[in-house]
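A quick write-up on the structure given underneath.
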Amino acid sequence: MSKLKINFNAGPAALPQEVLEEAAQAVLNYNNTGVSILSMPHRGKDFSAILEESKTLVRALCGVGDEYEVLWLQGGGRLQFAMTPMNFLGADETAGYIDSGSWSSAAIEYANYYGKVKVLTSSKDKNYTELPDWPDNNSQKDLAYIHCTTNNTIYGTQWKDIPASTVPVIADMSSDIFSRKISFTNCAMFYAVAQKNIGPAGATLVVVRKDMLQHIKRAIPSILDYNLYAEKNSVLNTPPVFAIYTSMLVLRWIKERGLDSIEKDNRRKAALLYKEVERNSLFRTEVKEEDRSMMNVCFLPVDELMRKPFIGFCEERNITGIAGHRSVGGFRVSLYNAITIQDVEQLVAVMQEFEQKHSK
């Protein structure tokens with residue numbers, strides 16, 4: 001078997017090795033039932049137990065109680081961009097959106113189909129290299145909700161916490177959920193696609209305060225109604241059983257390690273890499289220092305001609321997934337929970353080796 005690569009992809013992203021091993025065994029024979037997890041009945045007792053454990057783990061990690069519903073859906077982040085206003089924005093109401101990057105811009109575009117949208121603050125004029133200011137209380141008046149994206153994978157910025165607001169806050173936490181302790185209770189709803197810090201592609205986690213479900217104002221198809229997912233315990237249709245099961249294993253892994261320990265490691269990983277980017281004569285970053293993401297370190301070559309050679313140099317040394325998003329170029333190193341400090345130290349060593357070879 002070829003040596004496993006260090007995978008810095010932004011998503012689908014690296015998963016913990018012990019999770020992969022347990023999931024692989026479940027594909028052959030889940031929990032000694034004689035049935036593969038891939039063919040497990042989605043309305044049977046075994047999958048019901050998986051759903052219940054996953055909900056318990058999510059509530060424990062987020063520090064929330066039964067006042068929140070924990071739902072597993074499909075369709076990725078873009079479906080949540082549509083479902084959020086479909087469920088919570090009346091045709092004559094206004095929602096406030098914070099524009100901090102490409103994904104928040106997409107959420108704004110989707111919301112415009114269902115009601116009025118007010119862009120409360122934006123850093124587009126800064127090419128999203130920094131976060132906009134959080135909206136003040138005056139700008140929040142008469143809004144149905146505020147939507148924010150907590151971490152911007154393409155540009156490498158991140159809100160360190162979610163401030164309490166006078167109206168419900170809905171947060172897209174797809175790329176930094178469970179990476180640190182934050183005030184989840186400041187959110188009326190938060191959601192995250194699985195394929196970054198939770199599990200494999202195919203599932204989306206939605207955590208919504210139950211009182212929010214009383215605010216659904218329009219008639220919508222049942223498959224898009226959060227209330228019905230809550231009533232049916234996420235089994236409104238056939239859910240992505242394997243993706244949810246593997247996500248549960250990751251949630252167990254996170255709980256066993258503890259969010260305090262995970263946050264400490266994530267801060268250390270980010271500090272190591274940012275320090276090298278700033279020191280190394282071949283690289284630079286335009287991201288404002290106080291807004292830099294712990295999850296996605298985005299940087300550029302000083303000489304654009306060095307971009308492809310550095311990517312190839314890393315691939316030769318068993319490091320993959322560092323190319324920047326196609327819309328901005330450069331490099332992006334994703335430091336999700338499964339990435340170890342040793343992985344980052346190896347990348348830093350490769351960056352130093354590349355500098356020694358190419359510096360003038």
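Quick caveat, the model's predicted, so the values are computed rather than measured.
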For the pair [X] (side chain) and [Y] (backbone), establish whether a donor and an acceptor sit closer than 3.5 Å, ignoring hydrogens and angles.
| X | Y | answer |
| --- | --- | --- |
| Glu67 | Gly65 | yes |
| Glu263 | Lys181 | yes |
| Ser105 | Asp99 | no |
| Asn227 | Leu213 | yes |
| Ser54 | Leu51 | yes |
| Asn127 | Thr129 | no |
| Thr285 | Val287 | yes |
| Asn197 | Tyr336 | no |
| Ser234 | Trp72 | yes |

Are any non-hydrogen side-chain atoms of [X] and [Y] less than 4.5 angstrom apart?
| X | Y | value |
| --- | --- | --- |
| Ser122 | Val119 | yes |
| Met212 | Asn87 | no |
| Tyr145 | Thr84 | yes |
| Glu286 | Leu300 | yes |
| Tyr229 | Val235 | no |
| Ile341 | Leu272 | yes |
| Ile6 | Thr320 | no |
| Val208 | Val70 | no |

Answer yes or no: does atom [atom1] of [X] have more than 12 heavy-atom neighbours from other residues, nucleotides or ligands under 6.0 Å?
| X | atom1 | answer |
| --- | --- | --- |
| Arg78 | CZ | no |
| Asp142 | CG | no |
| Lys124 | NZ | no |

- Query: When you measure from the centre of the six-membered ring of Phe313, is the NZ or CZ of Arg317 under 6.0 Å away and within 45° of the axis?
  - Reply: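 The answer is yes, since Arg317 meets both limits relative to Phe313.
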
I'd like to know if [X] pairs up with [Y] as an ion pair, taking the criterion as any Lys NZ or Arg NE/NH1/NH2 lying under 4.0 Å from an Asp or Glu carboxylate oxygen.
| X | Y | result |
| --- | --- | --- |
| Arg292 | Glu278 | yes |
| Glu256 | Arg252 | no |
| Asp66 | Arg59 | yes |
| Arg257 | Asp265 | yes |
| Arg180 | Asp176 | yes |
| Lys5 | Glu315 | yes |
| Lys357 | Glu355 | no |

- Option passing side chain to side chain contact (heavy atoms under 4.5 Å, CB included) with Asn337 (candidates Leu15, Ile198, Ile254, Leu259):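 Filter result, single survivor: Ile254.
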
Does either side chain, that of [X] or that of [Y], offer a donor lying less than 3.5 Å from an acceptor on the other one?
| X | Y | result |
| --- | --- | --- |
| Trp103 | Thr153 | yes |
| Lys55 | Asn233 | yes |
| Asn7 | Asn9 | yes |
| Tyr155 | Asn296 | no |
| Asn31 | Asp46 | no |
| Gln140 | Thr166 | yes |
| Asp133 | Thr121 | no |

- Anything under 30° is parallel, anything over 60° is perpendicular, the rest tilted; go ahead and classify Phe310 against Phe331.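 Taking Phe331 first and then Phe310, their aromatic rings stand perpendicular (interplane angle over 60°).
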
- Query: Where does the angle between the aromatic ring planes of Phe190 and Phe184 fall among parallel (under 30°), tilted (30 to 60°) and perpendicular (over 60°)?
  - Reply: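 Phe190 and Phe184: tilted rings.
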
- Counterpart residues, side-chain contact (heavy atoms from CB on, under 4.5 Å), relative to Ser222 (two or more places apart):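 Scan of Ser222 (side-chain contact (heavy atoms from CB on, under 4.5 Å), adjacent residues dropped) gives Leu228.
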
Enter the distance from [X]:[atom1] to [Y]:[atom2] here, rounded to the nearest 0.5 Å.
| X | Y | atom1 | atom2 | result |
| --- | --- | --- | --- | --- |
| Ile244 | Gln74 | CD1 | CD | 7.5 Å |
| Ile220 | Met83 | CD1 | CE | 6.5 Å |
| Tyr114 | Arg218 | OH | CZ | 8.0 Å |

Tell me if the aromatic rings of [X] and [Y] count as close, with their centers under 6.0 Å from one another.
| X | Y | value |
| --- | --- | --- |
| Tyr30 | Tyr245 | yes |
| Tyr97 | His147 | yes |
| Tyr226 | Phe88 | yes |

- Task: Report the C-alpha separation of Thr157 and Asn152 in whole Å, then their side-chain angles, then the decisive distance to 0.1 Å, and conclude whether the side chain to side chain donor-acceptor pair (under 3.5 Å) test is met.
- Result: CA-CA 5 Å; Thr157 61; Asn152 299 287; 2.8 Å; yes

